[in-house]
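The structure appears below as structure tokens.
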Amino acid sequence: MSLDPSIIAALAQQLEQAELSATPLDKITSQYPALGLDDAYAIQDAIRTAKALRGIGVDGLKMGLTSAAKIKQMGVTEPIHGFLNADHGYTSGADIDIGRLIHPRVEAEIGFVLDRPLQGPGCHIGDVLAATAYVVAAVEIIDSRYRDFRFDVASVVADNTSAAGYVLGERRVPALGLDLKHLGIVLRKNGQVAATASGAAVLGHPAASVAMLANMLGARGRAIPAGVLILSGGATEAIPVSAGDQISVDVQSLGSVAARFFR
Ligand code: OOG
Ligand code: MG
């Protein structure tokens, strides 16, 4: 059953407001237990439109809940996708103000940029690798707009998959010739190892996550455009950060990406 368009619009506005005022909400399925995934993606789209009207563009796409570590941490077992906003993209070494965030966390990710669009159905790892311009080490900053960072799949999809920013490494490496499955990944906070993984932690191969995104978008008549960043999903669990923390992610062959947080 789908929700009335006026309810979709009202929920999108509540989530936008929660983000802008850094004030958490109860997950929206508490108000609307019948909220389905189609409704949730419609709310996400409405948030995207509202941001566009405020002049905030989209410069990337993301997959989420694509690793066992994330599934275990969040208790949601289904991969999801969202969008990345151009106003919170940073390069390695950035000082990032987290005063605007509720309870930020960071996760280690592998980013992809394609040199041609990809659309499912039927997209697989080989298609992604053939279409990849380069891969890049990345940190995603997530910040659920829900109280206590607790949600179910429909609520988190509506909340644009907790997207709150990203930091990219400086090295752009062609995918061909890399063994993306076996790349070691180390996430550090204040110099201490906080979590480790390998590329295979993400759906067995990070390119499988990009293929899944192309297939999920294809089912809605959409495609992954060329030239945009695609985050393939946290390989490790997400780590909370507060003002004063310094974090880094090292990805074998891709180099490192670092950021410091203040408020
Ligand atoms: C949902 C977003 C998940 C990832 O990489 O798995 C995500 C969340 O955990 O808040 O970005
Ligand atoms: Mg992520």
Side-chain angles (χ1 to χ4, degrees), residues 15 18-19 22 24-29 37 40-41 43-44 47-48 58-85 88-90 96 98 101-112 135-169 185 187 194-213 216 224 228-241 247 249 251 257 259:
L15 281 160
E19 179 182 345
L25 290 178
D26 285 328
K27 63 179 179 164
I28 57 177
T29 46
L37 265 189
Y41 279 108
I43 294 168
Q44 188 189 112
I47 293 173
R48 184 172 172 155
V58 168
D59 68 352
L61 299 171
K62 59 169 283 191
M63 286 292 283
L65 305 173
T66 49
S67 67
K70 285 289 305 183
I71 287 168
K72 180 162 173 248
Q73 183 178 33
M74 304 320 301
V76 177
T77 55
E78 212 172 322
I80 55 177
H81 64 85
F83 62 87
L84 302 171
N85 280 121
H88 297 305
Y90 304 91
I96 300 174
I98 48 171
L101 301 178
I102 302 165
H103 36 207
R105 296 179 178 178
V106 294
E107 41 194 30
E109 305 223 6
I110 294 178
F112 287 71
V135 293
V136 59
V139 169
E140 187 183 22
I141 304 163
I142 55 172
D143 189 40
S144 177
R145 269 58 68 169
Y146 298 122
R147 213 179 306 287
D148 304 323
F149 231 110
R150 293 175 81 100
F151 46 66
D152 45 38
V153 66
S155 294
V156 69
V157 163
D159 183 27
N160 189 25
T161 67
S162 311
Y166 64 85
V167 192
L168 288 188
I185 300 171
L187 170 61
T196 61
S198 75
V202 178
L203 293 177
H205 191 303
S209 175
V210 180
M212 186 180 279
L213 176 62
M216 289 170 93
I224 305 178
V228 306
L229 173 67
I230 305 145
L231 294 181
S232 56
T236 65
E237 71 264 33
I239 305 295
V241 284
I247 58 106
V249 166
V251 183
V257 43

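Counting starts at 1 for both ligands and their atoms, following the listed order.
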(request) Find all atoms of ligand 1 within a distance of less than 4.0 Å from any non-hydrogen atom belonging to Gly233, and give their numbers and elements. (result)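 In order of number, 5 (O).
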(message) Show the atoms of ligand 1 that are less than 4.0 angstrom away from any heavy atom in Phe149.
(response)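 Under 4.0 Å from Phe149, ligand 1 has these atoms: 10 (O).
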Can you find an N or O of [X] that's nearer than 3.5 Å to an N or O of ligand 1?
| X | result |
| --- | --- |
| Gly234 | yes |
| Thr161 | no |
| Leu65 | yes |

(request) Over all heavy atoms of both residues, which pair between Leu203 and Ala208 is shortest? Give the atoms and the distance, please. (result)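 The pair with the smallest heavy-atom distance is O-CB, 3.8 Å.
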(request) Looking only at non-hydrogen atoms, find the nearest pair between Leu231 and Ala138 and report the distance. (result)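 Looking at all heavy atoms of both residues, the shortest contact is CD2-CB, 3.7 Å.
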(request) Could you tell me whether ligand 1 has any atom less than 4.0 Å away from a heavy atom of Ala238? (result)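 Outside the 4.0 Å threshold, so no.
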(request) State if Glu109 counts as touching ligand 1 under the rule of any non-hydrogen atom under 4.0 Å. (result)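 Glu109: in contact with ligand 1 (<4.0 Å).
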(request) For atom 9 (O) of ligand 1, find the nearest protein heavy atom and state the residue, atom name and distance (0.1 Å precision). (result)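 Answer, as residue, atom name and distance: Lys70 NZ, 2.7 Å.
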(request) For Tyr166 and Asp59, run side-chain hydrogen bond (donor to acceptor under 3.5 Å, both in side chains): C-alpha distance rounded to whole Å, both residues' side-chain angles, the deciding distance at 0.1 Å, then the answer. (result) CA-CA 11 Å; Tyr166 64 85; Asp59 68 352; 2.6 Å; yes
May I ask you to identify, for [X], whether its side chain, its backbone, both or neither come under 4.0 Å of ligand 1 on a heavy-atom basis?
| X | result |
| --- | --- |
| Ser144 | neither |
| Arg105 | neither |
| Gln73 | neither |
| Leu231 | neither |

(request) State the count of protein N/O/S atoms located less than 2.8 Å away from the Mg ion (ligand 2). (result)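 Atoms of protein N, O or S type lying less than 2.8 Å from the Mg ion (ligand 2) total 3.
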